[in-house]
Amino acid sequence: MIVLSDQDDVWHGYKLESVERIFEAKPQLSLVFSNAELVDDTLRLFDETLFDRLHFNGEKQRLVKSGLALDLQLRENLVLGATVAFRANLKDLVLPISDDGPLVHDGWIVLLIAAVGEIDFINRPLLKYRQHSAQQCRVAKTSTWHDIMTSSEIDRACCVRQANQINEAFERLAAYGLSQDKERLLREKIVFLHKRARLPVPKFQRWRSVERKS
């Protein structure tokens with residue numbers, strides 16, 4: 001198996017054993033990710049875990065357990081790279097990692113593997129995920145309403161890049177025998193992103209226009 005590791009995080013002593021145990025218990029499993037404790041640069045614990053921060057709640061957990069991880073991944077990336085382990089035979093599928101879109105290494109890996117294999121998670125925190133200003137990626141709190149309302153210009157460009165990135169993944173996955181359902185999900189997401197990118201005005205202006213008409 002391949003286990004991803006970030007140099008500034010701290011693994012619990014039972015991390016590898018826990019991951020190995022679930023892979024042994026589920027031979028069909030392709031990828032597993034875990035919860036994590038959020039800590040500051042001095043390892044002081046935050047009040048919430050990684051799953052809390054990412055709102056990986058009971059409903060979303062049931063989707064993953066029901067084999068619908070790809071559906072969820074196409075809506076939002078809920079898997080942090082530092083918590084991921086996957087079967088070594090999938091290395092050729094995920095490499096090279098696309099660097100031409102909003103999906104970074106963890107989102108890219110989960111997207112590809114969720115399209116061809118089974119994904120599961122471990123609710124127990126297996127590491128301390130450090131949050132500090134100098135790290136490359138950190139788990140931010142939920143965006144404010146103002147952030148969402150004023151992000152339209154950036155969002156349109158991001159939609160095009162994400163559509164291109166998913167199309168790149170789709171072309172690579174074609175050699176692995178996608179099911180019709182998974183192929184449909186990927187195609188629909190690409191179409192949706194291109195349509196969203198062509199929306200002419202920011203969301204809050206469209207909503208104001210609807211309000212005036214009503």
Side-chain angles (χ1 to χ4, degrees), residues 2-12 14-15 18-19 22 29-41 43-86 94 97-98 101-115 117-149 151 154-155 158-159 161-162 165-166 169 185-186 189 192-193 196:
I2 295 174
V3 183
L4 304 186
S5 175
D6 291 353
Q7 63 183 4
D8 54 352
D9 300 325
V10 178
W11 287 10
H12 291 307
Y14 48 80
K15 174 179 168 66
S18 300
V19 171
I22 192 171
L29 186 62
S30 297
L31 180 147
V32 64
F33 62 99
S34 76
N35 203 348
E37 295 170 323
L38 299 180
V39 298
D40 64 14
D41 53 356
L43 299 184
R44 181 178 60 87
L45 280 172
F46 290 6
D47 293 334
E48 56 186 351
T49 68
L50 175 66
F51 283 4
D52 294 332
R53 179 71 64 89
L54 294 176
H55 305 295
F56 187 55
N57 54 31
E59 178 184 354
K60 294 173 183 177
Q61 291 178 15
R62 284 189 291 274
L63 287 175
V64 173
K65 292 289 187 181
S66 301
L68 299 175
L70 180 61
D71 305 59
L72 186 59
Q73 181 66 17
L74 286 172
R75 297 202 300 266
E76 53 183 316
N77 184 30
L78 292 175
V79 181
L80 187 73
T83 71
V84 166
F86 61 94
V94 302
I97 293 173
S98 172
L103 288 176
V104 294
H105 68 284
D106 45 15
W108 174 259
I109 290 170
V110 175
L111 174 68
L112 285 163
I113 294 180
E118 181 178 324
I119 288 181
D120 203 352
F121 62 91
I122 300 171
N123 226 329
R124 182 184 185 187
L126 299 186
L127 71 149
K128 297 180 184 295
Y129 182 61
R130 203 186 301 256
Q131 303 285 284
H132 58 84
S133 59
Q135 68 192 127
Q136 182 180 16
C137 297
R138 63 191 313 224
V139 185
K141 289 186 178 293
T142 305
S143 299
T144 65
W145 182 249
H146 179 267
D147 293 335
I148 296 171
M149 296 288 282
S151 63
I154 297 174
D155 188 61
C158 183
C159 282
R161 293 172 59 231
Q162 186 178 1
Q165 199 172 29
I166 294 177
L185 283 173
L186 292 169
K189 183 65 175 182
F192 167 79
L193 288 167
R196 186 174 181 184

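For clarity, every value in this text was computed on a predicted model and none was experimentally measured.
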Between Val19 and Ile22, which heavy-atom pair has the shortest distance, and what is it?
-> O-CG2, 3.1 Å
Interatomic distance, Arg75 atom CZ to Leu185 atom CG [nearest 0.5 angstrom] | 10.0 Å
Determine, step by step, whether Tyr129 and Asp6 satisfy the side-chain contact (heavy atoms from CB on, under 4.5 Å) criterion, reporting the C-alpha distance in whole Å, the side-chain angles of both residues, the deciding distance to 0.1 Å, and the verdict.
-> CA-CA 9 Å; Tyr129 182 61; Asp6 291 353; 4.2 Å; yes
Between Phe56 and Phe51, what is the ring plane arrangement, given parallel below 30°, perpendicular above 60°, and tilted in between?
-> perpendicular
Taking the side chain as C-beta and beyond, is there a heavy-atom pair between Leu103 and Ser98 under 4.5 Å?
-> no
Shortest non-hydrogen contact from Arg196 toward Cys159 = CD-SG, 3.7 Å
Apply the test side-chain contact (heavy atoms from CB on, under 4.5 Å) to residues Leu68 and Leu72: give CA-CA distance (whole Å), side-chain angles for both, the deciding distance (0.1 Å), then the verdict.
-> CA-CA 7 Å; Leu68 299 175; Leu72 186 59; over 6 Å; no
Closest heavy-atom pair and its distance - Asn123, Gln61 = ND2-OE1, 3.5 Å
Roughly how far, to the nearest 0.5 Å, is the OG1 atom of Thr83 from the CG atom of Asp106?
-> 8.0 Å
What closest approach, in Å, do Arg124 and Ser18 show between heavy atoms, and which atom pair accounts for it?
-> NH1-OG, 4.3 Å
Report the C-alpha separation of Arg130 and Leu43 in whole Å, then their side-chain angles, then the decisive distance to 0.1 Å, and conclude whether the side-chain contact (heavy atoms from CB on, under 4.5 Å) test is met.
-> CA-CA 7 Å; Arg130 203 186 301 256; Leu43 299 184; 3.7 Å; yes
Under 4.5 Å between any side-chain heavy atoms of Val94 and Phe86, yes or no?
-> yes
Closest heavy-atom pair and its distance - Leu50, Ser34 = CD2-O, 4.2 Å
How would you list, by chain and number, every residue that makes a side chain to side chain donor-acceptor pair (under 3.5 Å) with Lys189, sequence neighbours excluded?
-> none
Distance (rounded to the nearest 0.5 Å) between Arg53 CZ and Gln131 CD = 6.0 Å
Polar side chain donor-acceptor pair, Gln73 to Asn77, under 3.5 angstrom | yes
Check the pair Phe121, Leu78 against side-chain contact (heavy atoms from CB on, under 4.5 Å), reporting the backbone distance first and the verdict last.
-> CA-CA 11 Å; Phe121 62 91; Leu78 292 175; over 6 Å; no
Decide, yes or no, whether a salt bridge links Lys128 with Asp9 under the criterion of side-chain N to carboxylate O below 4.0 Å.
-> no
Determine yes or no for a side-chain-to-main-chain donor-acceptor pair under 3.5 angstrom, with Lys60 supplying the side chain and His55 the backbone.
-> yes
Roughly how far, to the nearest 0.5 Å, is the CD1 atom of Ile97 from the CD1 atom of Ile109?
-> 4.5 Å
CG (Asp120) and CG (Leu29) are apart, to the nearest 0.5 Å, by 6.0 Å
Is there a side-chain contact between Leu111 and Leu186 (heavy atoms, below 4.5 Å)?
-> yes
Measuring from Ile166:CD1 to Trp108:CH2, what's the distance to the nearest 0.5 Å?
-> 9.5 Å
With sequence neighbours excluded, residues passing ring-ring contact (aromatic ring centres under 6.0 Å, His included) with Tyr14 | His12
With a 4.5 Å limit on heavy-atom distance, are the side chains of Val3 and Trp11 in contact?
-> yes
Whether Asn35 side chain and Pro125 backbone form a donor-acceptor pair below 3.5 Å | no
